[in-house]
Amino acid sequence: MRAWRALWSVGLSLAQLSCGGSGGSVPPPPPSGWVVIDAPASTDTVCNELGLSGQAFISPTDWHCCGGSAVEMTAVTVTWRNETSGAAGTASQSVKTSPFVGLYGHTWSATVPLVPGTNRIAVTATDTAGLTGTARLDIRKTGPSFALSGRVLSDSGLWGLGYAESGVSVALAGPTSATALPLSGAARGDYALSCLPPGRYAVTPLSGPFGFAFQPASRTVDIVSADVGGVDFQAPAHRLAGRVSWAVSGLPSTAEWITVGAGAAALVRAVDALGAYGFVLPDGAYTVTPSDPLCLGCSYTPSQRDVQLQGADQAGLDFLRQ
C-alpha cells in the first residue's frame, strides 16, 4: 500500500508539473487524502513521550513548487492527537523538490506525550481544499519512567568534556542500558538519559580514544519516583584551540577537518563557521593536522603542529590554507 502511494505521489507530481499545479490540459488523478504512520520499533514503552513519523499526501489542487515551507508547498497540514489524553499538536513537515517531478517525499514527524495504559494516537493530514486522511496507532505505556542527567567537566570547571571535542561518552547499566554523548559548545559537557524505569543504575564515563582519569570513576544512582540530576564527573584536562584561514585573504576557511592524534589514538572534528576548532584533552603530547576531505592536494602552513599539553590551555594553534 505504501509503495502504491509513493508511486501515486510521483505520478501526481508529474501530472501537476505538466499542468502547472491546477488546471491545464492534463487532469490530476482522482482527489484523495491519506497519511501513513511508520511502524515504531515497539508499541510497548515506558517512555513518557514517543517520536513518530510517516508520510502524507500532497494536495492535488493547491500545491505549488518550489518555495516556502513544506506546509505552504504541499498545501497540507499534518496534526496529531492522543485520543486517550486529549493532548494534541502540529507535526513538523518536510518535502523534497525536483525540476523533473515537482514535489515528492512529503514526510512528517512529531513527539507525542503518553499516559499510563493504552494511548490511541490519531494523525490527520488535511489540505486547504478540505481533503483529509487519518491514520491511528495504539501505543501502550507499560510503566513509569524517569530521566537522569549530569555534566562531564575538566577539573578546573572551565571546559566541558563533550563528545565532539573530547570523545567522551557516558554509559548506563541497570534495569536498562543506554549511552549518552555529552554536548559541546555552550552546553559544556551536559548529558541526559530518559525512558529509565525505576531501579539501581551504574553510571560510568568512558574515555574514548584518550585516557581521562575521571573522578569518580563511576557512580551508583537509585531512581525511585522522580528524575535524578547532578550526576557529574570531572577529569584533569586542558584545551588546545586554533583556527584555519586562507593565506591570501586571511578570511576563515571552513571546509577543514582537524585531526588530533597521540600514537594510535585520534579524534577528528570539523571547524566551525569562523574556521575555529578546539579539543579538551588530558595532558600529553599531540599532533594536530588540518585537511579538506574534498581537496586531497591542498596544503597548509604549517602542515601540522606538535603540541605538549601540560598544566595549561594552549590557544593560537593556527593554520594557513595555501
What's the separation between atom CG in Asp283 and atom CD in Gln308, rounded to the nearest 0.5 Å?
8.0 Å

Does any non-hydrogen side-chain atom of Trp108 lie less than 4.5 Å from one of Ile37?
yes

Residue pair Val95 / Val76, side-chain heavy-atom distance below 4.5 Å
no

Atom CG of Asn119 and atom OG1 of Thr43: how far apart are they, to the nearest 0.5 Å?
11.5 Å

Sequence neighbours left out, cut at 3.5 Å: what donor-acceptor pairs do the side chains of residues 240-248 make with other protein atoms?
unit_1, atom_1, unit_2, atom_2, d
Arg243, NH1, Ser245, OG, 2.8
Arg243, NH2, Leu274, O, 3.4

Taking the side chain as C-beta and beyond, is there a heavy-atom pair between Asp232 and Leu153 under 4.5 Å?
no

Kindly compute the distance separating CG (Leu137) from CH2 (Trp80), expressed to the nearest 0.5 Å.
13.5 Å

Checking Leu309, Val280, Leu281 against Arg239 for side-chain contact (heavy atoms from CB on, under 4.5 Å), the one that qualifies is Val280

Donor-acceptor contact below 3.5 Å, side chain His106 vs main chain Phe57:
yes

Inter- and intrachain pairs under salt bridge (charged side-chain N to carboxylate O under 4.0 Å, His left out), touching residues 308-320, at least two apart:
none

Hey, could you give me the CG/CZ distance between Leu161 and Arg188, rounded to the nearest 0.5 Å?
10.0 Å

Here the gap from Arg136 atom CZ to Ile121 atom CD1, rounded to the nearest 0.5 Å, amounts to 11.0 Å

Just by distance, with hydrogens left out, do Gln314 and His238 show a side-chain donor and acceptor under 3.5 Å apart?
no

Could you list the residues that satisfy ring-ring contact (aromatic ring centres under 6.0 Å, His included) with Tyr277, not counting sequence neighbours?
none

For Asp222, the salt bridge (charged side-chain N to carboxylate O under 4.0 Å, His left out) test, sequence neighbours excluded, returns Arg200

Who pairs with Thr118 by side-chain hydrogen bond (donor to acceptor under 3.5 Å, both in side chains), at least two apart in sequence or on another chain?
none

Is the closest side-chain heavy-atom distance between Val224 and Pro198 below 4.5 Å?
no

Quick one: which residue pairs count as a salt bridge (charged side-chain N to carboxylate O under 4.0 Å, His left out) with a foot in residues 139-152, not counting sequence neighbours?
Asp44-Arg140, Arg151-Asp190

Using the side-chain hydrogen bond (donor to acceptor under 3.5 Å, both in side chains) criterion, which residues pair with Ser218? Sequence neighbours excluded.
Thr204

So Tyr201 and Thr176, side-chain contact (heavy atoms from CB on, under 4.5 Å) or not? Walk me through it.
CA-CA 8 Å; Tyr201 292 88; Thr176 189; 3.9 Å; yes

Name all residues meeting the ring-ring contact (aromatic ring centres under 6.0 Å, His included) criterion together with Tyr300; count only those two or more places apart in sequence or in a different chain, and write none if there are none.
none

Can you see whether Ser92 engages Ser109 through a side-chain donor-acceptor pair at a distance of less than 3.5 angstrom?
no

Checking Phe214 now: which residues fulfil ring-ring contact (aromatic ring centres under 6.0 Å, His included) with it, not counting sequence neighbours?
Phe212

May I ask you to test the Gln304-Asp306 pair for a side-chain heavy-atom distance under 4.5 Å?
yes

Can you confirm whether the side chains of Glu49 and Thr111 place a donor and an acceptor under 3.5 Å from each other?
no

Return yes if some donor-acceptor pair links the side-chain N/O of Ser85 with the main-chain N/O of Ala87 below 3.5 Å, else return no.
yes

side-chain hydrogen bond (donor to acceptor under 3.5 Å, both in side chains) partners for Thr132, two or more places apart
Thr126

Between Gln93 (side chain only) and Thr74 (backbone N and O only), is there a donor and an acceptor less than 3.5 Å apart?
no

Using the ring-ring contact (aromatic ring centres under 6.0 Å, His included) criterion, which residues pair with Tyr286? Sequence neighbours excluded.
Phe210

Is any side-chain heavy atom of Leu131 closer than 4.5 Å to one of Pro60?
yes

Suppose the criterion is salt bridge (charged side-chain N to carboxylate O under 4.0 Å, His left out): which pairs have a residue in residues 107-117, not counting sequence neighbours?
none

With heavy-atom distances below 4.5 Å as the criterion, would you say the side chains of Pro290 and Trp257 are in contact?
no

Just wondering, do Thr124 and Val35 contact through their side chains at under 4.5 Å, heavy atoms?
no

If I take atom CG from residue Leu267 and atom CD1 from residue Ile258, how far apart are they, to the nearest 0.5 angstrom?
11.5 Å

